[in-house]
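In what follows, a structure is listed as structure tokens, so that the remarks can point back to it.
Predicted model, so just to flag it, every value in this text is computed and none were measured.
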Amino acid sequence: MLAVWLFVAFWVLVAFALFFIAARGGLGGARAALQSQRPGARKAATVWFLVAFVGFGIAMPIGFLVGNHANASSQIGGMKLTAAEKRGRELFGQHCGLCHTLAGANSVGKVGPNLDTLKPSQTLVVHTIQYGCLQSPPASSSQQNCLGQGVMPAGILQGKDAQDVADFVAKVAGNE
């Protein structure tokens, strides 16, 4: 919300500056009006301009970039991510994003299935990571029910890493 108010304040100041220039008959009239002021008033105007320039032109963009970085890494589409889900997003980007499309990870892979369309459960994702290719959970451990054409190697991730990716995918798939 603060960002909106600062954005509006910047454009209000720009509008006042344009109005001042227009009311004085253009840039020449505005310059003459400022130069005819007392030296103290000119110094004050110069200081005010420098403060506004540094504040709006340098400090505000840096503040937005730094402040938004923390927000961007903890939220996707209004959903808060846990530390494990954030780690899952990183691991997904490193190991899965080249092949799979998932908006929550900003990946647009074309080889594997689109996970936003598929919306797999956490169990299915863990199973697929463990056994390879996209599989429906088998009736017995000897059955391999691969869905689709692709071949995904088994065991790309293990243990907690696989669990974190599965939690992340199950939470964000189809929600953007």
Side-chain angles (χ1 to χ4, degrees), residues 1-112 114-120 122 125 156-157 160-176:
M1 188 64 175
L2 177 64
V4 172
W5 284 109
L6 289 173
F7 181 79
V8 169
F10 172 75
W11 288 108
V12 166
L13 287 175
V14 168
F16 279 127
L18 289 173
F19 180 76
F20 176 77
I21 292 169
R24 299 291 181 210
L27 286 175
R31 189 176 303 119
L34 290 174
Q35 290 175 350
S36 67
Q37 295 176 351
R38 295 174 300 158
R42 272 188 295 209
K43 286 181 184 176
T46 301
V47 168
W48 184 88
F49 173 77
L50 289 175
V51 167
F53 177 75
V54 169
F56 283 110
I58 298 171
M60 190 171 73
I62 288 173
F64 288 155
L65 292 173
V66 170
N68 196 32
H69 176 70
N71 244 359
S73 67
S74 67
Q75 289 187 9
I76 293 180
M79 292 183 293
K80 289 244 184 223
L81 298 179
T82 65
E85 291 165 345
K86 286 186 220 176
R87 173 129 171 81
R89 179 176 56 190
E90 291 173 15
L91 291 168
F92 183 91
Q94 294 168 1
H95 298 279
C96 313
L98 290 173
C99 296
H100 296 282
T101 295
L102 183 64
N106 292 326
S107 66
V108 289
K110 301 293 183 203
V111 177
N114 181 333
L115 298 176
D116 287 316
T117 303
L118 190 62
K119 299 178 190 173
Q122 185 268 347
V125 175
I156 289 178
L157 297 167
K160 176 125 174 63
D161 290 346
Q163 188 67 45
D164 290 348
V165 169
D167 291 343
F168 169 70
V169 170
K171 184 169 187 172
V172 304
N175 290 323
E176 293 237 350

Would you give the length of the straight line joining atom NZ of Lys119 to atom CG of Leu102, rounded to the nearest 0.5 angstrom?
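Here the interatomic distance stands at 12.0 Å.
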Calculate, to the nearest 0.5 Å, the distance between atoms CG and CZ belonging to Asp167 and Arg87 respectively.
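Reported value, rounded in 0.5 Å steps: 13.0 Å.
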Using a 4.5 Å cut-off on heavy atoms from C-beta on, say whether the side chain of [Y] contacts that of [X].
| X | Y | answer |
| --- | --- | --- |
| Val125 | Phe92 | no |
| Asn114 | Leu118 | no |
| Gln94 | Leu91 | yes |
| Pro120 | Leu115 | yes |

Determine the minimum heavy-atom distance between [X] and [Y], stating which atoms define it.
| X | Y | answer |
| --- | --- | --- |
| Gly88 | Val165 | O-CG2, 3.7 Å |
| Lys80 | Lys171 | O-NZ, 2.6 Å |
| Ala84 | Lys160 | CB-NZ, 3.9 Å |
| Gly109 | Thr101 | O-OG1, 2.6 Å |
| Leu81 | Phe168 | CD1-CE1, 4.3 Å |
| Gln122 | Ala170 | N-CB, 3.5 Å |

Can a donor-acceptor pair be found, under 3.5 Å and without considering hydrogens, that links the side chain of Glu85 to the backbone of Thr82?
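Looks like yes, one N/O pair under 3.5 Å.
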Strictly distance-based, threshold 3.5 Å: is any side-chain N or O of Asp116 a donor or acceptor partner for the main-chain N or O of Ala103?
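Side chain of Asp116 to backbone of Ala103, a donor-acceptor pair under 3.5 Å: yes, one is there.
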Assess whether side chain to side chain contact (heavy atoms under 4.5 Å, CB included) is satisfied between Val14 and Leu18, documenting all intermediate values.
CA-CA 6 Å; Val14 168; Leu18 289 173; 4.2 Å; yes
Decide, yes or no, whether a salt bridge links Lys86 with Asp164 under the criterion of side-chain N to carboxylate O below 4.0 Å.
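Here Lys86 does not pair with Asp164 in a salt bridge, since their nearest N and O are not under 4.0 Å apart.
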